[in-house]
Amino acid sequence: MIDIQNTPDTREVPLEKVGVKNLKYPVKVLDKVNKIQATTAEVNLFVNLPHNYKGTHMSRFVDIFHRHHQNLGMKQFLAMLEEIRISLEAEKAFGSMRFPFFMEKTAPVSKEKSIMSYICTYEGEVRSDGTHDFFVKVEIPVTTVCPCSKAISDYGAHNQRGKVSLTLENTSLFWIEDVIELVEACASSGLYSLLKRPDEKYVTEHAYDNPRFVEDVVREVFVALKKFDKSEKPFSYFSIECENYESIHNHNAYATATYKA
């Protein structure tokens, strides 16, 4: 059969990325407690395309991803991208995989168990010279109590839900669960899917005793991440964003910081 996409192109326009976007697929990722966790991902896969190629083989992206979808830990994700790059004879291959990561949490007083979900993203690039980039992004919802409101109010203090977004680069394995617990400890409180009344009392009072501005959360997470990996291969890069969905304003509060070794 005629393969039109494999014919030459004379317009001399190289393309930075071509491929498939918003591919929905069941995947399995690493889980600290259960070893493997099944979830569903939204996947983007691309390669660069030289100016003399009319098109790429779109079916190969899905074919190769399918062969890896049952084992997509951090290292395996890069191996999958390298296989795509080689198969399509490209200089670079790019990929991202966004998925809900589920974690069992225990209520602080009743000890009831429930499941929380956190949005995670793998982002990677592999190159023909053997170099690569790989980042893990984790979005962690938290509760914050305003220190200023607590200081000036005779009755309580305003509090709100916020979101901490981390982008991490590391040369060694780390567990997503450990990062989630680290961030929650830096906020006024973490969130739970299930709380009984004694738990609700504890969480509310714990948050009140630990007020945090967005600036506080970012700085606390920054310091904690610098101490987090005590191996010889610490995080070489991370960025931290905190956004509070303010309860007494019609706008959000925001702070960010970045570290690069």
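Heavy atoms only: backbone and side chains are in, while hydrogens, waters and symmetry mates are out.
Met116 and Phe99 fall within a single hydrophobic cluster, where Ile, Leu, Val, Met, Phe, Trp and Tyr side chains are chained together by heavy-atom contacts under 4.5 Å. No continuous path of ILVMFWY side-chain contacts below 4.5 Å connects Tyr118 to Val203, so the two sit in separate hydrophobic clusters. Met80 and Ile86 end up in different hydrophobic clusters when Ile, Leu, Val, Met, Phe, Trp and Tyr side chains are linked at under 4.5 Å. Connection of Val20 to Val126 is established within a shared hydrophobic cluster, with ILVMFWY side chains joined at heavy-atom distances below 4.5 Å, either directly or through further cluster members. Residues Leu191 and Phe101 share a single hydrophobic cluster, defined by chaining ILVMFWY side chains whose heavy atoms lie under 4.5 Å apart.
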Q: Decide yes or no on side chain to side chain contact (heavy atoms under 4.5 Å, CB included) for Leu168 and Leu225, but give the supporting numbers first.
A: CA-CA 10 Å; Leu168 306 162; Leu225 282 175; 4.1 Å; yes
Q: Check step by step if side chain to side chain contact (heavy atoms under 4.5 Å, CB included) holds for Val218 and Val214.
A: CA-CA 6 Å; Val218 169; Val214 287; 5.6 Å; no
Q | Val221 vs Leu182, side chain to side chain contact (heavy atoms under 4.5 Å, CB included): CA-CA, chis, key distance, verdict | A | CA-CA 7 Å; Val221 174; Leu182 177 150; 4.2 Å; yes
**Q.** Arg98 vs Glu139, salt bridge (charged side-chain N to carboxylate O under 4.0 Å, His left out): CA-CA, chis, key distance, verdict
**A.** CA-CA 11 Å; Arg98 190 172 189 265; Glu139 300 174 25; 3.7 Å; yes
Q.
Run Glu184 and Val164 through side chain to side chain contact (heavy atoms under 4.5 Å, CB included) and show every step you take.
A. CA-CA 9 Å; Glu184 291 179 339; Val164 178; over 6 Å; no
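Figure legend: cation-pi geometry between Lys150 and Tyr208, with NZ or CZ positioned under 6.0 Å from the six-membered ring centre and within 45° of its axis.
At distances below 3.5 Å, not a single donor-acceptor pair connects side-chain atoms of Thr121 with backbone N or O atoms of Lys137. Checked by atom type and distance alone, the side chain of Thr167 never pairs as donor or acceptor with a backbone atom of Ser239 at under 3.5 Å.
Distance check: Asn159 CG to Ser189 OG gives 10.0 Å after rounding to the nearest 0.5 Å. Interatomic distance, CZ of Arg161 versus OG1 of Thr143, reported as 8.0 Å (0.5 Å rounding). A distance of 11.0 Å separates NE2 of His57 from CD1 of Ile64, quoted to the nearest 0.5 Å. Atoms NZ and OG1, on Lys92 and Thr131 in that order, are 8.5 Å from each other to the nearest 0.5 Å. The distance from the OG1 atom of Thr144 to the CZ atom of Arg212 is 10.0 Å, given to the nearest 0.5 Å. The distance from the OG1 atom of Thr40 to the NE2 atom of His69 is 10.5 Å, given to the nearest 0.5 Å.
Between Glu177 and Asp31 the shortest side-chain heavy-atom distance falls below 4.5 Å. Considering only heavy atoms from C-beta on, Met74 stays 4.5 Å or farther from Leu30 through its side chain. Taking 4.5 Å as the limit, some side-chain heavy atom of Met97 sits within range of a side-chain heavy atom of Val27. You'll find the side chain of Tyr122 reaches within 4.5 Å of the side chain of Val29, heavy atoms only. Counting heavy atoms from C-beta on, the side chains of Val109 and Lys196 never come closer than 4.5 Å. Using a 4.5 Å cut-off on side-chain heavy atoms (C-beta onward), Thr258 and Tyr237 make contact. Pro14 has its side chain out of reach of Asn48: every pair of non-hydrogen atoms, C-beta onward, lies at least 4.5 Å apart. Put simply, the side chain of Phe61 reaches to within 4.5 Å of the side chain of Leu88, judged on heavy atoms.
Its side chain within the 4.5 Å cluster rule, Ile115 clusters with Phe102 among the Ile, Leu, Val, Met, Phe, Trp and Tyr residues.
In terms of heavy-atom proximity, Tyr192 sits nearest to Thr106 at CE2-O, 3.5 Å. Between Gly95 and Leu45 the shortest heavy-atom distance is CA-CD2, 4.2 Å. Considering every non-hydrogen atom in both Arg85 and Ala93, the closest pair reads CB-CB, 3.6 Å. Summarising the geometry of Cys148 relative to Phe213, their closest heavy-atom pair is N-CZ, 3.7 Å, with the distance given to 0.1 Å. Nearest heavy-atom pair across Ser96 and Phe77 is N-CZ, 3.9 Å. Of all the heavy atoms in Cys146 and Ala157, the pair that sits closest is O-CB, 4.2 Å.
Ring orientation note: the planes of His206 and Tyr202 are close to parallel, at an angle under 30° on the 30°/60° scale.
Atom NZ of Lys35 has 12 or fewer neighbouring heavy atoms from other residues, nucleotides or ligands inside a 6.0 Å radius. Environment of CD in Glu200: sparse, with no more than 12 heavy atoms of neighbouring residues, nucleotides or ligands closer than 6.0 Å. Within 6.0 Å of CD on Glu91 lie no more than 12 heavy atoms contributed by other residues, nucleotides or ligands. Residue-environment remark: NZ (Lys105) exceeds the threshold of 12 foreign heavy atoms within 6.0 Å.
A salt bridge between Lys32 and Glu181 is absent, with no side-chain N of the basic residue lying under 4.0 Å from a carboxylate O of the acidic one.
Close placement of the Tyr25 and Phe65 rings is indicated, their centers lying within 6.0 Å of each other.
At a cut-off of 3.5 Å, with distance as the only test, no side-chain donor of His132 or Glu82 sits close to an acceptor on the other residue.
Judged as a side chain to side chain donor-acceptor pair (under 3.5 Å), not a single pair has a partner in residues 215-224 (not counting sequence neighbours).
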